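Written below as structure tokens is the structure these notes are about.
Computed from a predicted structure; not experimentally measured. This chain uses plain numbering: 1 for the first residue, then up along the sequence. Only heavy atoms go into these numbers, but all of them, side chains included; no hydrogens, no water, no symmetry mates. Start at 1 and go down the list; that is how both ligands and their atoms are numbered.
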Amino acid sequence: MSKSVPAIEVRNVAKSFAEFRAIDNVSLTVESGIFITLLGPSGCGKSTLLRSIAGFLTPDSGSIMVGGRDVTALPPHIRPVNMVFQDYALFPHMSVRRNVGFGCEMKGMTRLEIEARVDAMLELIRLPDVGSREPSALSGGQRQRVALARALAPDPVSLLLDEPLGALDLKLRLELQHELKSIQRTTGKTFVFVTHDQDEAMSMSDLVAVMKDGRIEQLDTPRAVYARPATAFVAGFVGAANMLPARVSGNDGAVLNLEVEGQNWAVPADCVTGGRTVATGDVVTLVIRPEDVIVGSGPGFGELALPARAHEQTFLGGRIHLRCQTANGTALTLEVRPGSVPEGDGTLDLYIAREAVAVLVERKETVK
Ligand code: ATP
């Protein structure tokens with residue numbers, strides 16, 4: 001497919017169940033060949049969106065294009081997409097080979113073509129020797145690999161994966177995350193992956209769409225979603241976040257002057273997230289990740305110095321979570337290396353680099 005045609009386009013799709021709006025006018029363009037993840041808490045509408053793309057649900061309004069073709073009115077088996085489910089959904093009494101070749105049979109491929117395709121898919125999932133077994137003779141991880149091979153075999157435009165690793169234990173899950181990503185790279189297929197696990201989303205995806213209440217709150221790279229969250233919800237969902245209230249005291253487009261914890265602090269104006277603009281008097285929230293709060297190294301150029309009282313340490317092996325409170329009473333959580341702070345309670349000099357801050361504008365609330 002030409003690079004210029006997006007693999008999937010969701011245009012203003014809405015879907016309600018009775019009075020409940022599960023998808024609220026979502027638009028999303030997925031370029032060909034990327035790994036995109038729909039990430040969000042339970043009930044935010046991830047599966048409803050994925051099932052609408054697959055054709056298992058019909059949107060109340062809006063349209064869905066796959067490979068440049070409007071598929072909104074097409075049933076699932078005609079759409080050039082395939083789904084992989086958490087519970088494998090393999091045919092239990094068919095051999096692995098027949099399972100993998102099933103979609104190719106449905107497409108009317110010749111026996112020889114199907115055999116060659118099945119061989120290639122079993123190689124791809126690194127299980128060339130299990131073709132004659134039935135799914136019950138496979139481990140959970142092997143079954144999910146076979147389900148992946150079956151979904152890829154008919155060469156769909158896109159694979160839609162609904163929490164495919166959810167039933168696996170952590171070790172296997174991490175192994176298969178790596179393998180899924182590698183298969184996506186090898187095949188160059190567009191993967192749309194659903195999970196509520198932020199680590200999984202961050203580690204595998206080219207793009208993450210963070211969802212809440214049937215909407216996409218932010219669509220960005222994993223790094224951007226983490227370092228430049230567009231909303232407080234995104235900041236809190238993709239990792240631990242310290243939130244400091246602040247007020248804008250000046251903005252010349254390059255430097256943003258802030259009043260925070262009774263101090264003036266100048267940060268780069270592009271720290272403002274979500275494509276928002278801010279002006280003098282605006283109330284904003286500063287997001288600072290726990291690992292970006294530095295203990296006691298002395299102020300570097302432009303750093304915010306924040307004396308704080310440590311009142312709880314949690315030892316986590318290779319790192320320590322430290323809870324502190326600033327002079328203004330704001331709670332801060334830090335992540336530090338063991339031995340880098342004195343044990344017990346006490347006063348600490350904390351510093352925050354100006355590049356480490358994301359400036360959120362949740363509401364347009366102006367204090368003059
Ligand atoms: P999870 O991670 O728990 O699967 P999700 O983000 O995938 O969550 P959806 O399965 O898309 O969420 O569901 C979104 C909302 O729509 C939920 O509140 C759910 O209860 C509701 N819902 C989904 N399918 C139906 C249905 N067939 N009938 C009624 N309500 C539904």
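Distance screen at 4.0 Å: atom 31 (C) of ligand 1 has a protein heavy-atom neighbour inside the cut-off. Checking atom 11 (O) of ligand 1 against the protein gives a heavy-atom contact under 4.0 Å.
Put simply, CD on E335 and CG on L322 are 10.5 Å apart, with the number rounded to the nearest 0.5 Å. The distance from the CD1 atom of I34 to the OG atom of S205 is 9.0 Å, given to the nearest 0.5 Å. In this structure, NE2 in H196 is found 5.0 Å from CD in E163, a value given to the nearest 0.5 Å. Residue L176 holds its CG atom at 10.0 Å from CD of E200, rounded to the nearest 0.5 Å.
Under 4.0 Å from ligand 1, not a single heavy atom of A18 appears.
Residue T48 holds the heavy atom nearest to atom 9 (P) of ligand 1 of all those in V194, T48, D213, L49.
Both the sub-6.0 Å distance and the 45° axial angle are not jointly satisfied by R98 relative to the ring of F91.
Atom 2 (O) of ligand 1 has as its closest protein heavy atom K46 NZ, 3.0 Å. Scanning the protein for heavy atoms near atom 27 (N) of ligand 1, the closest one is F17 CE2, 3.6 Å. For atom 4 (O) of ligand 1, the nearest protein heavy atom (residue, atom name, distance) is S47 OG, 3.7 Å. What sits closest to atom 18 (O) of ligand 1 on the protein, heavy atoms only, is F20 CE2, 3.4 Å. At the shortest separation from atom 3 (O) of ligand 1 among protein heavy atoms lies S42 OG, 2.6 Å. Residue, atom and distance of the protein heavy atom nearest to atom 8 (O) of ligand 1 are G43 N, 2.8 Å.
No option in D162, L180, L38, L160 other than L180 meets the side chain to side chain contact (heavy atoms under 4.5 Å, CB included) test with F193. Tested against L334 for a side chain to side chain contact (heavy atoms under 4.5 Å, CB included), the candidates V293, D292, N242 yield a single pass: V293.
Each of the atoms 6 (O) of ligand 1 lies under 4.0 Å from some heavy atom of P41. Against a heavy-atom cut-off of under 4.0 Å, A22 is close to the following atoms of ligand 1: 16 (O).
For the 3.5 Å distance criterion, the side chains of N328 and T330 fail to qualify, holding no donor opposite an acceptor.
Using a 4.0 Å cutoff on heavy atoms, G40 does not count as a contact of ligand 1.
The side-chain hydrogen bond (donor to acceptor under 3.5 Å, both in side chains) test applied to T110 returns E113, not counting sequence neighbours.
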